[in-house]
Amino acid sequence: MDQHSYLDGLNTEQRAAVEHIEGPLLVLAGAGSGKTRVITYRIIHLIEKGVAPQNILAVTFTNKAAAEMRERVRELLVQHAPAARAVQEALPTISTFHALGVRMLREQHHALGLKKHFSIFDKSDSSRTVKRALEAAGYSPKQFEPRKILSLISRAKGGGLSQTEYAGGTRSYVERVAAEVWKHYEQALRAEDALDFDDLLLKTFDMLRSRPNILAQYRERFAYVHIDEYQDTNTVQYDIARLLAGEKQNLCVVGDVDQNIYSWRGADIKNILQFERHFPGAKIVLLEENYRSTQTIIAASNDIIEKNVNRPAKTVFTKNQEGEPLSLYAALGGQEEAEHVALTAKDLMRSGASASDIAVLFRTNFQSRALEEAFINFGVPYQVLGTRFFERKEIKDTISFLRLALNPQSVSDLVRVVNMPPRGIGKVTVLKLVEGKRELITGKTAEKVAVFESLMRDIGEIAVTKTLAETLKFILTRSGLEEHLRKDGGEGLERLENIRELVTLASRYAEYDHEEALERFLEDVALQSDQDELKSKEDQDAVRLMTVHAAKGLEFPYVFITGLEEGLFPHERLSDPSAGPAGDVDTEEERRLFYVALTRAKKKVFLSFAHMRTIFGSQRVNVPSSFLGDISGDLIQHNNPSESGYETAIYLD
């Protein structure tokens, strides 16, 4: 077989991107245009040109996307690369930004003064710690919501700022409070040998910019860097990419300005818009052919996105069939809309569609309640994306036993499991343990604490000598969790089944040695996303219910987009210190979000809105979304029995 035969399946633009291997490259890829294909084939092409796989890095944004890219590269290596190389040499590093940060920080833990098994705080861990930090700083959590303070700290870290840099640039009272709380929050993290989600990037950036010897080491290792979904990068992610690229600037970024929908969590659209300024002489490749959707869906999505001004000129097209018009349903109220969606989904399934072929998208999480109720009432199987397996109490308890055994400084994990199941260790005793006053605990209580400490030592020994699955089984029985849950009846048995599912998941790490299995497992648990939760349940034949944000990167034959009302979609942001004034609408980002929703569909899109909807206990009369008027009328088919049309139909009690 000709060694370049794998290039034959690429279109002209895709091939141009794959074959450009030296210097900066920006691939502006429309929805469904094969951007992941470009990255994977470019990796294979680099290897064919003699680049060692271990010198190639590819970074994306979810574990799911990274795992799928890794598997695709593995398959292509077997098909096209010389067999000896595919077998003998390591795969390229394909990772999320956060997982890459974890890997680098663990590798350099000695130089950075970190424990190798540092804890990674998830959002709930961080929120609890910020609440304690608020109190330590002399503020009331009732006056300043911990979640909002954490959001300010998170955005600052994503912007590459340290606590002192942020404190020096505060412009409001709430920002000054956040700066003070951040200081106490940082102290708490250090005391527990923990990093939060944002630290994984900020500490990595600090390490690379302040330690030239370490930076040189990673530049040599990662001579060719690829970044997927580049439009979603924040400041610190851009800085990490810039530092790794170095003088050679062998940096390939792939993204779509029209799918930039995460500015609220720090994504900076300027990173992709100003790529040529950041990396002079960059080659630009446009991928405009869509392989996913019908001509009708593409025409509607182009109608929407061309109204945006802050974007490079790009017109997506497809050679697919014309397809059906978009269906539009105007409901009286939110409940009627939900029932229409459930019944239409049921009709699709009767016509031969699988339940998992169908996605129902909404702008905000509260909309799922009415939809779930309707799906239950009409017997339509469904799965809500966002109910995460790893956030269940029993799962977090089990993992906390493991984390505490590896990191005895973790106060959060100690507080969580010292009395789970109940051991008769009271709050005063727990406080003494937290404050390091173990010697003050006496009598029967000291005996109970000694039993717990013996348990933790045993778990620690098992963890480094047995497989991960065996360690979790040991925790389940030796901790008393299994016996405790069995006594709890039906709900307890269901929780026990969840822990057993965790053991099953752990068996996937059997290929690694004990220490690496522990590290990878705890890293994957901490960095799970909504889409990773979907991947773990892909064998379930159920309609997927999710926000539009959660749907990004996914595709389905049939897509429902609900709640298309002014104020809901496009959405008016509520007052938030980090999101601008109340009632503010970022129309361009909202339009990009609607574009993302439309382009998830392969065959058919169902649009709907409600003339009246109850929000926060108040019934609101709605105006149809302005986005509906942006789509050419000949692309939409009204689906109301009355054929009254959505423009003039307003129903009142």
Side-chain angles (χ1 to χ4, degrees), residues 261-265 300-301 303-305 307-308 326-342 344 359-375 384-386 544-552 559-576 579-601 605-631 636 638-640 645-653:
I261 59 174
Y262 291 116
S263 66
W264 51 275
R265 70 180 188 196
S301 62
D303 283 347
I304 290 296
I305 206 62
K307 304 290 192 302
N308 274 3
L326 283 64
S327 172
L328 176 63
Y329 184 80
L332 171 60
Q335 190 61 47
E336 184 195 328
E337 178 194 37
E339 290 174 357
H340 169 76
V341 170
T344 306
V360 180
L361 309 184
F362 36 85
R363 178 62 181 81
T364 58
N365 280 305
F366 83 84
Q367 294 169 256
S368 72
R369 187 203 58 78
L371 288 162
E372 285 191 72
E373 193 175 296
F375 274 71
V384 181
L385 195 58
R544 315 302 190 192
L545 274 57
M546 67 189 87
T547 64
V548 182
H549 283 100
K552 187 169 174 295
V559 171
F560 291 79
I561 308 173
T562 64
L564 283 163
E565 300 136 29
E566 282 297 296
L568 186 55
F569 202 179
H571 191 259
E572 289 181 357
R573 292 183 292 192
L574 300 176
S575 182
D576 183 285
D584 183 30
V585 180
D586 183 343
T587 307
E588 291 225 342
E589 178 143 339
E590 288 295 306
R591 188 175 282 112
R592 290 195 293 268
L593 195 57
F594 187 41
Y595 173 83
V596 167
L598 286 169
T599 54
R600 298 313 90 203
V605 173
F606 300 85
L607 309 172
S608 63
F609 70 91
H611 287 295
M612 306 187 77
R613 191 180 299 275
T614 302
I615 299 178
F616 299 125
S618 301
Q619 196 168 62
R620 189 168 80 178
V621 178
N622 300 310
V623 175
S625 172
S626 54
F627 294 154
L628 293 172
D630 290 338
I631 301 174
I636 294 178
H638 299 280
N639 201 25
N640 286 68
Y646 68 86
E647 297 90 351
T648 57
I650 299 290
Y651 300 95
L652 297 172
D653 287 339

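The first residue of the sequence shown is numbered 1, and numbering continues consecutively from there. This one's a predicted model, so the numbers in the text were calculated from it and none came from an experiment.
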Between Pro570 and Ser625, which heavy-atom pair has the shortest distance, and what is it?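 Shortest heavy-atom contact: CD-OG, 3.3 Å.
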Heavy-atom closest contact (Ile561 atom, Ala597 atom, distance):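 Taking every non-hydrogen atom into account, CD1-CB, 3.6 Å.
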Nearest-0.5 Å distance, OG of residue Ser626 to CD of residue Glu565: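 The CD atom of Glu565 is 12.0 Å from OG of Ser626, to the nearest 0.5 Å.
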Looking at CZ of Arg620 and CD of Glu566, how far apart are the two atoms once the value is rounded to the nearest 0.5 Å?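 The distance works out to 10.0 Å.
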Which residues pass the side-chain contact (heavy atoms from CB on, under 4.5 Å) test with [X], not counting sequence neighbours?
X: Ser327; answer: Lys604, Phe606, Asn639
X: Glu372; answer: Ser368, Tyr382, Val384, Leu545
X: Glu339; answer: Gln335, Ala374, Phe378

Listed partners of Phe362 passing ring-ring contact (aromatic ring centres under 6.0 Å, His included), at least two apart: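 Here no residue qualifies.
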Tell me if a side-chain donor or acceptor on [X] pairs with a main-chain N or O of [Y] at a distance below 3.5 Å.
X: Glu590; Y: His571; answer: yes
X: His549; Y: Ile261; answer: yes
X: Asn308; Y: Glu588; answer: yes

Among Leu593, Val596, Val559, which residue meets the side-chain contact (heavy atoms from CB on, under 4.5 Å) test with Leu361?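 Looking at Leu593, Val596, Val559, the match for Leu361 under the side-chain contact (heavy atoms from CB on, under 4.5 Å) is Val559.
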Passing candidate, side-chain contact (heavy atoms from CB on, under 4.5 Å) with Phe609, options Asn622, Val623, Leu328: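 With Phe609 as partner, Asn622, Val623, Leu328 yield a single side-chain contact (heavy atoms from CB on, under 4.5 Å), made by Leu328.
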Using ring-ring contact (aromatic ring centres under 6.0 Å, His included) as the criterion, point out the one residue from Tyr329, Phe560, Phe375 that pairs with His340.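 When ring-ring contact (aromatic ring centres under 6.0 Å, His included) is applied between His340 and each of Tyr329, Phe560, Phe375, only Tyr329 qualifies.
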Qualifying residues under salt bridge (charged side-chain N to carboxylate O under 4.0 Å, His left out), relative to Glu589, sequence neighbours excluded: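 Salt bridge (charged side-chain N to carboxylate O under 4.0 Å, His left out) check on Glu589 returns Arg592.
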Please examine the side chains of Asp630 and Asp303, heavy atoms only from C-beta on, and report whether any two atoms are closer than 4.5 Å.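 Not in contact.
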Could you tell me how the ring of Phe594 sits relative to the ring of Phe627: parallel (under 30°), tilted (30 to 60°) or perpendicular (over 60°)?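 If you compare the ring of Phe594 with that of Phe627, the planes turn out parallel.
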Please enumerate all residues that pass side-chain hydrogen bond (donor to acceptor under 3.5 Å, both in side chains) together with Gln367, with sequence neighbours excluded.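 Checked Gln367 against side-chain hydrogen bond (donor to acceptor under 3.5 Å, both in side chains); matches are Thr364.
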Pair Arg613, Glu337 - check salt bridge (charged side-chain N to carboxylate O under 4.0 Å, His left out), show working. CA-CA 10 Å; Arg613 191 180 299 275; Glu337 178 194 37; 2.8 Å; yes
